[in-house]
Amino acid sequence: MASKKIAYDESAIQTLDALEHIRLRSGMYIGRLGDGSHPLDGIYVMLKEVLDNAIDEFIMGEGKIIEIDREGDEINVRDFGRGIPLGKLIDCVSRINTGGKYNDDVFQFSVGLNGVGTKAVNALSSSFEATSWRERRYRTARFERGVLQKDKKGRDADTPPGTLVRFTPDREIFDTFSWNEEFIENRLRYYAYLNAGLSLVYNGQRFHSSDGLADLLSHEIGDEPPLYQIIHSRQERLEFAFTHTHNYGETYFSFVNGQYTNDGGTHQAAFREGILKGVNEFANQSFSGDDVRDGIVGSVSIRVQDPVFDSQTKNKLGSTEVRGWIVPAVKEQLVLWLHKNPKAAELLIEKIKTNERIRKELASIKKDARERAKKVAIRIPKLTDCKFHYDQPRAKRREETTIFITEGNSAAGVMVQSRDVYTQAIFALRGKPLNCHGLKRDAIYKNEELYNLMKALGIEDDLEGLRYNRVVIATDADVDGMHIRNLLLTYFLRYFEDLVVKGHLYFLETPLFRVRNKKETRYCYSEAERDEALEAVRGAETTRFKGLGEISPHEFAPFISADMQISPVMIHNLGEVTQCLDFFMGRNTPDRKQFIIDNLATEVI
């Protein structure tokens with residue numbers, strides 16, 4: 001049957017004002033909407049946009065305290081900077097491409113250069129209010145969903161200058177959401193590390209740092225001692241810090257004008273190059289980059305005018321000119337530091353030589369593994385691939401690319417029939433994978449399944465080749481499934497820690513129960529949801545799903561659709577990883593048994 005023909009004439013052409021466009025296409029301005037369960041969800045981007053303006057005042061030498069309060073859904077941010085010029089207050093918070101950050105004399109180093117951030121917050125808030133105090137006067141503008149409701153001004157000689165922004169995310173846009181205190185506190189903690197001397201006070205809790213990025217690395221490493229003291233250098237436009245740990249791979253935290261660039265960029269690449277050149281000049285050697293950087297944990301922060309990012313969400317820096325001054329600056333400061341700290345320098349060179357020896361030992365093992373893989377198949381066994389990939393910058397729907405790691409052929413068969421062939425790949429495990437805890441890197445190349453998984457993801461060398469934005473562990477909701485989940489988590493944390501740190505690893509949440517009658521079907525993810533459904537659905541029968549393979553492809557499709565329930569794997573700090581893996585995956589069986597006994601939950605019938 002032919003679809004109804006839609007007329008394309010003058011009546012089909014629409015013109016939206018800027019704030020209407022933000023509400024209609026919110027993803028263009030704040031990325032994902034989400035529900036507050038992920039630190040990159042829209043509500044935290046809104047908070048960041050408001051905080052960035054307050055931080056810019058501190059960077060310009062105005063105001064050393066920022067006060068943040070939350071009451072229910074509402075967030076208040078008060079800085080003690082210069083205050084928005086009163087005559088332009090309404091324009092600055094409601095008119096796109098309006099602001100003082102186009103003027104390099106007023107804001108030299110700023111993230112919010114597009115004149116969009118606060119306006120997006122205004123448009124996406126059910127209630128938004130901005131108050132500016134300046135030159136003994138004030139002005140308040142209150143909006144609802146971007147529409148001005150109140151404009152009040154007058155004299156106020158007692159209140160210190162600055163700006164107060166109060167906003168409540170609109171539930172018409174975000175539907176259901178809740179603020180996560182841990183995400184907010186972590187963001188504020190990072191702001192303190194990046195702006196040494198600034199105090200951020202959140203609901204009475206104070207965040208402050210004296211040593212900047214050195215404090216950041218100390219927090220991230222936690223109780224796990226580094227191989228040598230943290231190397232730290234702070235200059236006018238560049239600050240960096242790094243050390244080595246016993247872990248594999250490279251882990252970086254990079255920033256531009258205070259913005260966390262989760263995907264790195266040109267400044268991170270220049271930082272890595274500067275470290276390599278500095279070490280080789282100091283040691284008078286020609287060490288390879290892999291040997292110098294394996295096991296490194298580093299952070300770099302730069303301040304530049306007019307930074308070029310890959311998108312409005314500013315996750316990756318694209319400015320190519322920064323390499324010209326970052327590389328020599330890092331090299332010079334590193335060589336100077338190593339000469340001043342000979343004991344630490346000796347430990348660093350010793351670590352590099354150890355990496356070099358291990359790499360050479362691994363070379364033959366890698367060769368054998370690759371030869372075995374060629375004999376088995378041209379393609380990677382057990383991988384059902386998708387069309388688009390994350391390592392293709394121009395690929396359509398690149399951010400949606402996902403690989404599901406599932407157990408057995410039955411579950412994989414269901415998911416293959418249910419998936420989106422353009423963005424969803426399936427990797428089927430053959431039983432339980434190897435427990436990698438305490439094993440060296442050669443274990444990957446000696447174990448066919450772990451090797452194939454690494455090749456499927458494209459992460460043998462680094463994350464630059466990562467083929468999927470989301471790596472989702474999809475196991476059955478039983479004891480064996482939880483065990484496989486822990487074994488895979490150990491594998492990633494042991495050898496590919498940066499994959500987890502960068503927020504690419506997830507768990508798939510699938511329903512435990514189906515409650516249905518002839519008219520209605522409900523899927524329940526917990527016993528509480530099941531009990532609630534049984535009360536609401538009359539004459540219902542209940543099915544307990546024991547494994548993913550028991551669900552039909554048609555029924556399973558919604559569980560891996562755009563609205564699928566996935567939980568991100570998050571790390572508080574890197575030091576906790578080693579402690580957790582030692583306890584849960586190590587050789588301390590009696591301690592684990594006692595822990596289970598002490599924490600066993602029993603139902604009283």
Side-chain angles (χ1 to χ4, degrees), residues 189-190 193 211-233 239-254 264 268 271-272 274-276 278-279 283 287-301 330 334 337-338 341 343-359 361-362 436-444 459-463 489-505 569-586:
R189 190 177 292 112
Y190 268 60
Y193 294 145
D211 292 328
L213 295 186
D215 287 341
L216 184 153
L217 289 192
S218 295
H219 170 76
E220 290 295 339
I221 294 171
D223 296 330
E224 184 73 13
L227 295 182
Y228 52 88
Q229 70 184 90
I230 295 173
I231 298 173
H232 182 217
S233 174
E239 182 181 3
F240 68 86
F242 74 89
T243 186
H244 278 81
T245 67
H246 294 286
N247 297 330
Y248 293 109
E250 306 174 37
T251 302
Y252 297 101
F253 304 90
S254 60
Q268 182 173 301
F271 172 51
R272 296 170 72 240
I275 292 174
L276 174 62
V279 167
F287 294 125
S288 73
D290 291 340
D291 296 336
V292 170
R293 296 187 295 257
D294 192 30
I296 199 171
V297 180
S299 183
V300 60
S301 175
V330 172
L334 177 55
W337 192 96
L338 292 173
N341 298 271
K343 290 184 178 180
E346 184 179 342
L347 292 171
L348 170 59
I349 300 302
E350 183 180 333
K351 166 65 175 173
I352 295 170
K353 290 181 177 178
T354 300
N355 288 343
E356 185 179 45
R357 175 177 54 79
I358 293 173
R359 176 177 58 81
E361 291 173 356
L362 270 176
C436 301
H437 180 63
L439 301 183
K440 295 181 180 179
R441 199 178 185 93
D442 61 354
I444 300 176
I459 54 176
E460 181 174 9
D461 298 319
D462 52 42
L463 288 190
L489 189 56
T490 303
Y491 168 70
F492 288 119
L493 289 173
R494 176 67 176 162
Y495 302 118
F496 308 105
E497 189 176 71
D498 205 28
L499 179 81
V500 187
V501 172
K502 298 298 184 185
H504 293 290
L505 188 63
V569 178
M570 305 186 65
I571 298 176
H572 292 125
N573 62 61
L574 301 179
E576 288 183 354
V577 172
T578 302
Q579 295 176 11
C580 288
L581 292 182
D582 285 343
F583 182 80
F584 289 106
M585 307 304 291

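- Phe287 CZ to Lys353 NZ: the interatomic distance, rounded to the nearest 0.5 Å, is 5.5 Å.
- Between Val500 and Glu497 the shortest side-chain heavy-atom distance does not fall below 4.5 Å.
- Ring pair Phe240/Phe242 is parallel by interplanar angle, where below 30° counts as parallel and above 60° as perpendicular.
- Taking OH of Tyr190 as the reference point, atom CG of Asp215 lies at 12.5 Å (rounded to 0.5 Å).
- Looking only at atom types and distance, the side chain of His437 has a donor-acceptor partner in the side chain of Asp582 under 3.5 Å away.
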(request) Step by step, work out the side chain to side chain contact (heavy atoms under 4.5 Å, CB included) result for Ile571 and Leu493. (result) CA-CA 10 Å; Ile571 298 176; Leu493 289 173; 3.8 Å; yes

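- The minimum heavy-atom distance between Gln268 and Ser254, with the atom names listed, is OE1-OG, 3.1 Å.
- One N or O on the side chain of Arg293 and one on the backbone of Arg272 form a donor-acceptor pair closer than 3.5 Å.
- Considering only heavy atoms from C-beta on, Asn247 comes within 4.5 Å of Thr578 through its side chain.
- Judged by distance alone, the side chain of Lys502 and the main-chain N or O of Tyr252 form a donor-acceptor pair under 3.5 Å.
- Counting all heavy atoms, side chain and backbone alike, Ile349 lies closest to Ala283 at CD1-CB, 3.8 Å.
- With contacts defined as side-chain heavy-atom distances shorter than 4.5 Å, the pair Ile296/Ile275 qualifies.
- Proximity of a side-chain donor or acceptor of Ser299 to a complementary backbone N or O of Phe253 within less than 3.5 Å is detected.
- Looking only at side-chain heavy atoms (C-beta outward), Ile358 and Arg441 stay at 4.5 Å or farther from each other.
- For the pair Asp442 and Glu361, the minimum side-chain heavy-atom distance is 4.5 Å or more.
- No more than 12 heavy atoms of other residues, nucleotides or ligands shown are found within 6.0 angstrom of CD on Glu350.
- Across all non-hydrogen atoms, the minimal contact from Ala344 to Gln229 is CB-CG, 4.3 Å.
- To the nearest 0.5 Å, atom OG1 of residue Thr354 and atom CZ of residue Arg357 are 5.5 Å apart.
- A heavy-atom distance below 4.5 Å is not found between the side chains of Asn355 and Asp290.
- The heavy-atom pair separating Tyr495 from Leu439 by the smallest distance is OH-O, 3.2 Å.
- The two residues Met585 and Thr490 have their closest heavy-atom pair at CG-OG1, 3.2 Å.
- Ala241 approaches Ile230 most closely through the heavy-atom pair CB-CG2, 4.0 Å.
- Separating the SG atom in Cys436 from the CG atom in Leu489 is a distance of 11.0 Å, to the nearest 0.5 Å.
- The main-chain N or O of Leu213 is found under 3.5 Å from a side-chain atom of Glu239 such that the two form a donor-acceptor pair.
- For Phe496 and Tyr248, the ring centers are positioned 6.0 Å apart or more.
- A side-chain donor-acceptor contact under 3.5 Å links His244 to the backbone of Val292.
- Proximity of a side-chain donor or acceptor of Asp294 to a complementary backbone N or O of Gly249 within less than 3.5 Å is detected.
- The shortest distance between side-chain heavy atoms of Ile459 and Asp498 does not fall below 4.5 Å.
- Ring orientation note: the planes of Tyr193 and His219 are tilted relative to one another, at an angle of 30° to 60°.
- In this structure, the side chains of Thr243 and Ile221 come closer than 4.5 Å at one or more pairs of heavy atoms.
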